[in-house]
There are 2 protein chains.
Amino acid sequence: MKRNTIQRSLTLEAVQKLKNHPTADEVYEEISAEHPTISKGTVYRNLNQLADSGEIRKMEIPSCPDHFDHCCHEHYHIRCLKCGRVFDIDMDYISDLEKSVKNAYGFAIKGYDLVFKGICPDCSQALENRADADAKDSVNNKEKEKCE
Amino acid sequence: MKRNTIQRSLTLEAVQKLKNHPTADEVYEEISAEHPTISKGTVYRNLNQLADSGEIRKMEIPSCPDHFDHCCHEHYHIRCLKCGRVFDIDMDYISDLEKSVKNAYGFAIKGYDLVFKGICPDCSQALENRADADAKDSVNNKEKEKCE
DNA sequence: TTCTTAATAAGAATATATACTATTAAGGAA
DNA sequence: TTCCTTAATAGTATATATTCTTATTAAGAA
């Protein structure tokens, strides 16, 4: 039988508090600030269990660590190619996109992942500012930044 | 200036030969069977360079290692949730999906990643066969399998 | 209160990918 | 052709994300 542990409650609360699609690591940091003994493996396990039970949503995004979302309505996201942050996007949800599939070669389709990609306002601004500076440095810095 | 190295040619040839969206590791295994001294880092670097120059396509898929595709026309893919393999899917390509976005909050949209998910015919068959056997074992085996 | 065992903490292990560094070799110049 | 510059390589180390392992703890039933 499933047990209601303190760690499980803390994990759920942290995701609900951190509204910006936190990664498992960000959830762990949030919790461990108050409860330093919690284990990162526990956070990972509880996040996945909470996602399995539908209490939170697990967002699997290409070339990114998994992000978790407290939000309950289906919506799309956009990932900044430069800083890696993930944001909500405002667009009607396409619930029957699999009907557009002509041939899935025997696959039982369970859904789809759709993530837009682009450059966020912050990074656009930073790029413009740097355009005056050394172009090479700008490229190097850009390449260095990681997906958070 | 860009140099045409043997390793670069081997990498391109391997992707063109392996038509099933190989991962970098699969490309490395293919090449190293004939050329055991090639370095995995070299394969990664050349795959990314070839993708940057448009000679191959890099497929970034959630919860999967990157896959590489020799194919040149835009098309969608489906990932098996059980075995992790990636297959082509037959569906009209939506080139202007970003026009459906109502509000991207200042983002400059550069494109999108769309990947369907489902259960492939092989895994459907395997699940049916196992349904007669112990259900618990079936679930455990399912959880164990990794994205390839 | 006791007991069973699910869940945990801590850290090792794994997977994917990139970075570092001494060495090699591609291709232009002499 | 031979030499030279330096991009690319091999091999190793490192980074990142996540899962696994194992002894211990504690949730909740009896």
Side-chain angles (χ1 to χ4, degrees), chain A residues 1-12 14 21-29 31-32 34-53 58-68 79 83-86 136 140-148, chain B residues 1-12 14 21-29 31-32 34-53 58-68 79 83-84 86 136 139-148:
Chain A
M1 72 264 26
K2 194 165 73 177
R3 291 178 181 175
N4 276 320
T5 64
I6 294 163
Q7 292 85 349
R8 185 185 182 83
S9 303
L10 289 169
T11 305
L12 179 56
H21 320 102
T23 62
D25 195 65
E26 288 164 348
V27 174
Y28 168 74
E29 291 298 334
I31 300 173
S32 64
E34 293 289 317
H35 301 80
T37 61
I38 197 167
S39 175
K40 197 174 273 192
T42 298
V43 173
Y44 271 95
R45 184 173 5 83
N46 279 317
L47 284 171
N48 282 317
Q49 284 178 3
L50 289 165
D52 285 345
S53 70
K58 181 177 184 172
M59 299 157 50
E60 299 177 293
I61 296 174
S63 305
C64 266
D66 292 336
H67 292 240
F68 295 87
R79 162 175 68 101
C83 68
R85 286 184 296 171
V86 171
K136 241 177 206 168
N140 287 342
N141 289 334
K142 179 184 163 192
E143 296 298 331
K144 279 261 164 60
E145 300 198 30
K146 312 282 298 298
C147 182
E148 74 171 13
Chain B
M1 70 267 20
K2 194 165 72 175
R3 291 179 181 174
N4 277 321
T5 64
I6 293 163
Q7 291 87 345
R8 185 184 181 84
S9 303
L10 288 169
T11 304
L12 179 56
H21 320 100
T23 62
D25 194 65
E26 288 165 347
V27 173
Y28 168 75
E29 291 298 332
I31 300 172
S32 64
E34 294 288 317
H35 302 81
T37 61
I38 197 168
S39 176
K40 197 174 275 193
T42 298
V43 173
Y44 271 94
R45 185 172 6 82
N46 279 316
L47 284 170
N48 282 319
Q49 285 178 2
L50 289 164
D52 286 344
S53 71
K58 181 177 185 172
M59 299 157 49
E60 298 177 292
I61 296 174
S63 305
C64 267
D66 292 336
H67 292 239
F68 295 87
R79 162 175 68 102
C83 67
V86 172
K136 242 177 206 165
V139 171
N140 287 341
N141 289 333
K142 179 184 164 195
E143 295 300 329
K144 280 261 166 58
E145 299 197 31
K146 312 280 300 296
C147 184
E148 76 171 11

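Order of the sequence lines sets the chain letters (A, B, ...), proteins ahead of strands, with each chain counted from 1. Just the heavy atoms: all of them, side chains too, but no hydrogens, waters or symmetry mates, feed the values below.
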*Heavy-atom donor-acceptor pair, A:H67 side chain to A:H21 backbone, under 3.5 Å*: yes
*Among C:dA9, C:dA26, D:dA27, the nucleotide that comes nearest once only the side chain of A:I6 is considered*: D:dA27
*Under 4.0 Å between a side-chain N/O of B:N48 and OP1 or OP2 of C:dT18, yes or no?*
yes
*Would you name the heavy atoms of B:A14 and B:I31 that are closest together and state the gap between them?*
CB-CG1, 3.7 Å
_Sub-4.5 Å side-chain heavy-atom contact between B:P62 and A:D66_ = no
*Would you state whether a donor and an acceptor, one from the side chain of A:S39 and one from the base of C:dA10, lie under 3.5 Å apart?*
yes
*asked:* Using heavy-atom distances to pick each residue's nearest nucleotide on DNA chain C, tell me which of B:K2 and A:Q7 is more 5'.
replied: A:Q7
*asked:* Without decimals, in angstroms, what is the distance between A:I31 CD1 and C:dA7 P?
replied: 17 Å
_Distance in angstrom units between B:H35 NE2 and C:dA25 P, rounded_ = 14 Å
*Nearest whole angstrom, please: distance from the P of D:dA17 to the CZ of A:F68.*
13 Å
*Round to the nearest Å and state the distance from B:Y28 atom OH to C:dT16 atom P.*
14 Å
*asked:* Closest approach to the side chain of A:K40, judged atom by atom: which nucleotide of C:dA17, D:dT18, D:dA10 is it?
replied: D:dT18
_Could you tell me how far apart A:N4 (CG) and C:dA6 (C1') are, to the nearest whole angstrom?_
12 Å
_Does D:dA10 have OP1 or OP2 under 4.0 Å away from a side-chain N or O of B:T42?_
yes
_side-chain N/O B:Y44 vs C:dT18 OP1/OP2, d < 4.0 Å_ = no
*asked:* Do A:Q7 and A:T42 pair up side chain to side chain, a donor and an acceptor below 3.5 Å, judged on atom types alone?
replied: no
*Rounded to the nearest angstrom, tell me the gap between atom CG in A:D66 and atom P in D:dT19.*
8 Å
*asked:* Let's test your reading of the model: under 3.5 Å, does the base of C:dA6 pair with the side chain of A:R3 as donor and acceptor?
replied: yes
*Where the side chain of B:I38 is defined as all heavy atoms beyond and including C-beta, which of D:dA10, D:dT18, C:dA10 is the nearest nucleotide?*
D:dA10
*Does B:D52 come within less than 4.0 Å of B:K58, counting only side-chain N to carboxylate O?*
no
_Separation of C:dT16 P from B:L47 CG (nearest whole Å)_ = 14 Å
_Which residue lies more 5' along DNA chain C, comparing A:T5 with B:D25 via nearest heavy atoms_ = A:T5
*Interatomic distance where CG belongs to A:L10 and C1' belongs to C:dA9 [whole Å]*: 14 Å
